[in-house]
Amino acid sequence: MRNQVQYARLQLHGANYLMPSTIGLVIEQRDALQPNTEGGNVSAWRTRHDQRWPAYSLDPAFKITPRKQWNRALFLEAGADSVGVIVDEVQMLSRADIQISAFAPLGAPPTRHGHLFNGAWIEGRQATLVIDPKAFLAYLQGAGQ
């Protein structure tokens with residue numbers, strides 16, 4: 001997946017977003033994850049060898065919020081610091097299927113790695129925002145602190 005950039009189309013609360021596969025992306029079904037029974041912000045855990053990676057649920061404003069009904073999680077691989085996000089749906093698209101227009105958002109970035117969005121895919125009158133994977137990874141990693 002890293003040789004040719006693909007895009008994951010994520011659906012969160014009915015809204016679609018794109019994320020390039022410039023870092024490793026892993027899609028997991030709910031039944032492959034361990035539900036969080038300890039309280040806190042984590043919705044579920046992905047256990048891999050001797051590591052546990054958290055998956056967080058976001059509300060439409062991208063704030064961490066508990067969510068009981070979900071089926072999939074998308075994990076952003078970053079070694080021991082890997083983290084996931086609960087999604088309604090996820091689909092992989094090839095680079096040839098979409099045309100991304102880059103942009104620089106206004107205002108202060110929400111993470112030390114920058115803004116969460118750095119582009120958009122325009123189809124007619126509909127725009128799908130492109131998530132910056134490094135900034136999103138940092139944002140989710142910060143949710144556990």
Residue set satisfying salt bridge (Lys or Arg N to Asp or Glu O under 4.0 Å) with R52, at least two apart, ordered chain then number -> E38

Check your understanding: Counting distance only, does the side-chain N/O of H115 pair as donor-acceptor with the main-chain N or O of G107 below 3.5 Å?
Key -> yes

Exercise. Just wondering, do L129 and L18 contact through their side chains at under 4.5 Å, heavy atoms?
Worked result: no

In short, ring-ring contact (aromatic ring centres under 6.0 Å, His included) pairs touching residues 72-113 with sequence neighbours left out are none

Rounded to the nearest 0.5 Å, the OG atom of S57 sits from the CD atom of Q69 at a distance of 11.5 Å

Legend entry - Side-chain donor or acceptor of S21 paired with backbone N/O of V5 under 3.5 Å: no

Does some side-chain heavy atom of F136 sit less than 4.5 Å from a side-chain heavy atom of M19?
yes

The complete set of ring-ring contact (aromatic ring centres under 6.0 Å, His included) pairs with one or both residues in residues 18-41, sequence neighbours excluded, reads none

Sorted by chain and residue number, the ring-ring contact (aromatic ring centres under 6.0 Å, His included) partners of F117 (sequence neighbours excluded) come out as Y17, F62

Hits for salt bridge (Lys or Arg N to Asp or Glu O under 4.0 Å) against R46, two or more places apart or cross-chain, chain-then-number order -> E28

Considering only heavy atoms from C-beta outward, does the side chain of P110 approach that of L116 to under 4.5 Å?
yes

For D97, the side-chain hydrogen bond (donor to acceptor under 3.5 Å, both in side chains) test, sequence neighbours excluded, returns S94

**Prompt:** Judged by atom type as modelled, is there a donor-acceptor pair below 3.5 Å linking the side chain of H13 to the main-chain atoms of L58?
**Reply:** yes

| message | Treating Q141 as the side-chain partner and V83 as the backbone partner, does any N or O pair qualify as donor plus acceptor under 3.5 Å? | response | no

Count the heavy atoms belonging to other residues, nucleotides or ligands that lie under 6.0 Å from CD of Q29, then report whether that count exceeds 12.
yes

### Query
Are L10 and N16 close enough that some pair of their side-chain heavy atoms sits under 4.5 Å apart?
no

E89 meets the side-chain hydrogen bond (donor to acceptor under 3.5 Å, both in side chains) criterion, sequence neighbours left out, with R72

Residues passing the salt bridge (Lys or Arg N to Asp or Glu O under 4.0 Å) test with D88, sequence neighbours excluded, are R67

Residue set satisfying side chain to side chain contact (heavy atoms under 4.5 Å, CB included) with P35, at least two apart, ordered chain then number -> none

Quick one: are S43 and N36 in side-chain contact, heavy atoms under 4.5 Å? no

Counting C-beta onward and ignoring hydrogens, is there a side-chain heavy-atom pair between T128 and V130 closer than 4.5 Å?
no

- With side chains defined as the heavy atoms from C-beta onward, is the minimum distance between I86 and R30 less than 4.5 Å? no

By side chain to side chain contact (heavy atoms under 4.5 Å, CB included), A61 pairs with (sequence neighbours left out) D59, K63

The side chain to side chain contact (heavy atoms under 4.5 Å, CB included) partners of I122 (sequence neighbours excluded) come to A120, A127

Residues 29-54 vs ring-ring contact (aromatic ring centres under 6.0 Å, His included), sequence neighbours excluded, gives none

